[in-house]
Trainee: 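Questions regarding the structure given below will be posed in turn.
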Amino acid sequence: MTIPTAINEAPNGPVQLLTDSKKEKFRLDYNGASIFQGSVKVRRADADLSLKDANVRLFVLSKYDGWDVVTQTIRVGVIGALDGDLILLKGVLPETLGGMLCRSEEPATPPEPVETDATAFYCIDHDWLLSVDEGAVGAFVTAPSGKTKMEFVGDIVLRFRPWYGARHCR
């Protein structure tokens with residue numbers, strides 16, 4: 001992890017992933033603040049079931065790579081799912097983050113704001129990007145409250161990239 005050069009500069013490292021005791025919700029913390037809170041349900045035969053009702057358990061795997069250019073992938077899944085079950089992830093990013101909705105591009109490109117079909121959120125204030133990989137259906141949206149909400153269903157892989165503009169978009 002790179003040592004910050006200014007007291008307010010966020011580290012070039014991964015988020016901390018925290019789950020609740022019931023294993024139905026999780027939170028991502030970065031640089032001492034919560035940047036994402038999400039809950040998981042199972043969509044079975046067009047009904048959204050709690051993990052308890054679906055008799056499944058949440059598992060969240062996190063790994064990161066890189067030293068200069070850090071990319072952290074977070075796979076959200078359930079144990080005990082039936083054939084045809086889909087994972088539904090709903091989440092919110094705090095309204096205090098100065099950012100914009102965008103799409104995640106590979107290779108990384110400077111983020112361009114979009115109003116619909118956003119698959120990523122770019123935090124302008126702290127230069128990080130949180131995105132959802134292809135394979136899931138849904139979008140990030142800005143709610144009237146000012147918070148950014150997201151809802152995706154399918155194969156959920158979140159990707160967190162700190163120092164996005166400074167290191168990823170060279």
Trainee: The criterion is ring pair (Phe, Tyr, Trp, His ring centres under 6.0 Å); which residues satisfy it with Phe160, sequence neighbours excluded?
Mentor: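 Ring pair (Phe, Tyr, Trp, His ring centres under 6.0 Å) list for Phe160, sorted by chain: Tyr30, Trp128.
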Trainee: Does Val153 sit in a hydrophobic cluster with other residues, and if so which ones, taking ILVMFWY side chains as linked at heavy-atom separations under 4.5 Å, directly or through other members?
Mentor: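 Val153 shares its hydrophobic cluster with Leu86, Leu88, Val137.
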Trainee: Among residues at least two apart in sequence or on other chains, which ones pass side-chain contact (heavy atoms from CB on, under 4.5 Å) with Ala45?
Mentor: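 None.
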Trainee: Under the 4.5 Å side-chain heavy-atom rule for ILVMFWY, direct or indirect, which residues accompany Val157?
Mentor: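 When side chains under 4.5 Å apart are linked, Val157 ends up in no cluster with other residues.
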Trainee: Between the side chains of Arg75 and Asp155, is the shortest nitrogen-to-carboxylate-oxygen separation below 4.0 Å, so that they form an ion pair?
Mentor: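 Judged by the 4.0 Å cut-off on N to carboxylate O distance, Asp155 and Arg75 do form a salt bridge.
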Trainee: Judged by atom type as modelled, is there a donor-acceptor pair below 3.5 Å linking the side chain of Trp163 to the main-chain atoms of Gly13?
Mentor: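 No, because the side chain of Trp163 does not come within donor-acceptor range (under 3.5 Å) of the backbone of Gly13.
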Trainee: Using the test salt bridge (charged side-chain N to carboxylate O under 4.0 Å, His left out), find all partners of Asp117 that sit at least two apart in sequence or belong to another chain.
Mentor: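 Expected list: none.
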Trainee: Among pairs that include at least one residue of residues 80-94, which meet side chain to side chain donor-acceptor pair (under 3.5 Å), considering only residues two or more places apart or in two chains?
Mentor: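 Residue pairs passing side chain to side chain donor-acceptor pair (under 3.5 Å), neighbours aside: Arg44-Asp85.
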Trainee: When Ile, Leu, Val, Met, Phe, Trp and Tyr are grouped by side-chain heavy atoms lying under 4.5 Å apart, directly or through other members, which residues fall in the same group as Leu49?
Mentor: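 Direct or chained contacts put Leu49 with none.
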Trainee: Where is the tightest heavy-atom contact between Val70 and Pro14, given as atom of each residue plus distance?
Mentor: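 Nearest heavy atoms, Val70 then Pro14: CG1-N, 4.4 Å.
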Trainee: Do NZ/NE/NH1/NH2 and the carboxylate oxygens of Asp48 and Lys41 come within less than 4.0 Å?
Mentor: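 Looking at Lys41 together with Asp48, the answer is no, because their closest N to O distance does not fall below 4.0 Å.
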Trainee: Strictly by salt bridge (Lys or Arg N to Asp or Glu O under 4.0 Å), give each pair with a member in residues 29-38 just once, sequence neighbours left out.
Mentor: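 Found Arg27-Asp29.
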Trainee: Just to verify, what does Arg57 make a salt bridge (charged side-chain N to carboxylate O under 4.0 Å, His left out) with, not counting sequence neighbours?
Mentor: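 Scan of Arg57 (salt bridge (charged side-chain N to carboxylate O under 4.0 Å, His left out), adjacent residues dropped) gives none.
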Trainee: Using a 4.5 Å cut-off between side-chain heavy atoms of Ile, Leu, Val, Met, Phe, Trp and Tyr, which other residues end up in the same hydrophobic cluster as Leu82?
Mentor: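 Its cluster partners, ordered by chain and number, are none at all.
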Trainee: Identify every side-chain donor-acceptor pair in residues 18-25 under 3.5 Å, counting partners at least two apart or on other chains, and give the distances.
Mentor:
{"from": "Thr19", "atom 1": "OG1", "to": "Lys23", "atom 2": "NZ", "distance (Å)": "3.2"}
{"from": "Asp20", "atom 1": "OD1", "to": "Lys23", "atom 2": "N", "distance (Å)": "3.0"}
{"from": "Asp20", "atom 1": "OD1", "to": "Glu24", "atom 2": "N", "distance (Å)": "2.9"}
{"from": "Asp20", "atom 1": "OD1", "to": "Lys25", "atom 2": "N", "distance (Å)": "3.0"}
{"from": "Glu24", "atom 1": "OE2", "to": "Lys52", "atom 2": "N", "distance (Å)": "3.4"}

Trainee: Evaluate Thr71 against His168 for side-chain contact (heavy atoms from CB on, under 4.5 Å), listing each step before the verdict.
Mentor: CA-CA 9 Å; Thr71 299; His168 292 264; 3.4 Å; yes
Trainee: Under the side chain to side chain donor-acceptor pair (under 3.5 Å) definition, can you give me all pairs with a residue in residues 131-140, not counting sequence neighbours?
Mentor: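 Those involving residues 131-140 are Ser131-Arg161, Asp133-Arg159.
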Trainee: When the aromatic ring centroids of Phe26 and Phe36 are compared, is their separation below 6.0 Å?
Mentor: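 Yes.
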Trainee: Can you confirm whether Glu106 is buried at CD, in the sense that more than 12 heavy atoms of other residues, nucleotides or ligands lie under 6.0 Å from that atom?
Mentor: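 Yes.
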Trainee: Are Pro11 and Asn31 packed together at the side-chain level, in the sense that at least one heavy-atom pair is separated by less than 4.5 angstrom?
Mentor: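 With C-beta onward as the side chain, the pair touches.
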